[in-house]
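These figures come from a predicted structure and were not determined experimentally.
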Amino acid sequence: MSSTASSDLPDGLRVVRHPRARGYRLSVDPASGTARLTVPARAAIKPALAWAQGKAAWIAEQRARLPAPRPFVDGAVLPVADHDVTIVREEGARRALVRDGSRLLVAGPEESVARRVEAWLRQEALALLAAETHAYAAKAGVGVAQVAVGDARGRWGSCASSGIIRYSWRLILAPGHVRRATVAHEVAHRVHMNHGPAFHALVADLYEGDPAPARAWLRAHGASLHWFGKPS
Ligand SMILES: [Zn+2]
């Protein structure tokens, strides 16, 4: 697969060659708004682009339905682990960033607010996800080598055979039941490296409920989590 971006293309369009593609296909990534034009490996680019140009209205329509960006700026309200927290810029505060109940007080230069709020969210996410992971692991009677957070696009969690479990830090912005169901899923993979019936039974046992609503929430709203911290 190869990918090119060119100034001739409609705004934000990426062309991807795919060996198994038959004909052209357009899609808009709900997590980024990027339009992707998939073409067969040896297809000529010009007619493919002409076809995509003709779909500009469709691309615009898909983009209009995307979640709104939720920039990390003064006054923005963030759903942090089921609690609304408002970003409040403060002049001359003693510490650069401190949470005070439902307020997140951020001092220092304005241009660094977004970066520092994200760093704080990552730290909160790691602490909470690590605690929940270890609690479920103890219940399942398995070990977890390490818990880490990242910002993967298409997955909320992953479990490696080495015993390392990774999550998207953005789960801290999802409802708690969604986060916990994701943790139960990854911890259950420490026992079953598949999605068989025994695996699903263990997830339900750890989570103490049916994780289906959490999965449905992620399908319906997961992409919106990627719009937090984007400049408007
Ligand atoms: Zn899985």
Side-chain angles (χ1 to χ4, degrees), residues 29-32 65-68 70 72 76-87 99 101-102 104 117-230:
D29 177 3
S32 66
R65 287 192 207 147
L66 293 173
R70 306 275 298 264
F72 295 151
V77 180
L78 310 175
V80 180
D82 293 328
H83 296 282
D84 281 349
V85 175
T86 305
I87 298 173
R99 179 172 177 177
S102 62
L104 187 61
V117 168
E118 182 178 321
W120 178 79
L121 285 168
R122 281 176 179 261
Q123 200 182 304
E124 293 290 302
L126 180 58
L128 189 53
L129 287 161
E132 290 173 343
T133 299
H134 291 302
Y136 280 147
K139 201 166 156 186
V142 290
V144 172
Q146 195 195 329
V147 177
V149 294
D151 197 7
R153 186 61 62 72
R155 57 211 307 204
W156 300 105
S158 63
C159 178
S161 54
S162 59
I164 299 175
I165 295 182
R166 277 177 207 287
Y167 300 102
S168 166
W169 67 264
R170 295 176 184 276
L171 285 169
I172 191 88
L173 299 166
H177 76 96
V178 173
R179 187 188 67 246
R180 286 188 294 274
T182 305
V183 173
H185 183 107
E186 298 310 329
V187 169
H189 275 317
R190 291 291 297 131
V191 182
H192 305 285
M193 264 302 187
N194 56 52
H195 292 127
F199 166 83
H200 287 296
L202 179 56
V203 173
D205 194 31
L206 294 174
Y207 178 65
E208 293 178 11
D210 180 6
R215 285 203 304 272
W217 190 95
L218 283 173
R219 275 196 302 277
H221 307 290
S224 70
L225 299 181
H226 287 283
W227 292 78
F228 279 94
K230 267 199 217 297

In a table with atom names and distances, give each donor-acceptor pair under 3.5 Å that connects a side chain of residues 211-222 to protein atoms at least two apart or in another chain.
none

Please list, one pair per line, the donor and acceptor atoms closer than 3.5 Å that link side chains of residues 118-131 to other protein atoms, with sequence neighbours excluded.
from : atom 1 : to   : atom 2 : distance (Å)
E118 : OE2    : R122 : NE     : 3.2
E118 : OE2    : R122 : NH2    : 3.3

Show which side-chain atoms of residues 168-185 pair as donor or acceptor with protein atoms under 3.5 Å away, not counting sequence neighbours.
from : atom 1 : to   : atom 2 : distance (Å)
S168 : OG     : R170 : N      : 3.1
R170 : NE     : D151 : OD1    : 2.8
R170 : NH1    : L225 : O      : 2.8
R170 : NH1    : F228 : O      : 3.0
R170 : NH2    : D151 : OD2    : 3.3
R179 : NE     : E132 : OE1    : 2.8
R179 : NE     : E132 : OE2    : 3.4
R179 : NH2    : E132 : OE2    : 2.7
T182 : OG1    : V178 : O      : 2.8
H185 : NE2    : H189 : NE2    : 3.2
H185 : NE2    : H195 : NE2    : 3.3

Donor-acceptor pairs under 3.5 Å, side chain of residues 136-147 to any protein atom, not counting sequence neighbours: which ones?
from : atom 1 : to   : atom 2 : distance (Å)
K139 : NZ     : L206 : O      : 2.8
K139 : NZ     : E208 : OE2    : 2.7

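Taking the side-chain contact (heavy atoms from CB on, under 4.5 Å) definition, one finds that S102 meets it with nothing, sequence neighbours left out. With sequence neighbours left out, K230 forms a salt bridge (Lys or Arg N to Asp or Glu O under 4.0 Å) with no residue at all. The side-chain hydrogen bond (donor to acceptor under 3.5 Å, both in side chains) search around S32 returns D29, T34, not counting sequence neighbours.
Listed by first and then second residue, the salt bridge (charged side-chain N to carboxylate O under 4.0 Å, His left out) pairs that reach into residues 196-207 come to none, sequence neighbours excluded.
Considering every non-hydrogen atom in both F199 and A188, the closest pair reads CE1-CB, 3.5 Å. R190 approaches C159 most closely through the heavy-atom pair CD-SG, 3.7 Å.
Note that NE2 of H192 is 10.5 Å distant from NE2 of H200, once rounded to the nearest 0.5 Å.
Side-chain atoms of R70 do not come within 3.5 Å of backbone N or O of F72 as any donor-acceptor pair.
L78 places a side-chain heavy atom less than 4.5 Å from the side chain of V117.
For R99, the CZ atom is densely surrounded, since the number of other residues' heavy atoms within 6.0 Å is greater than 12.
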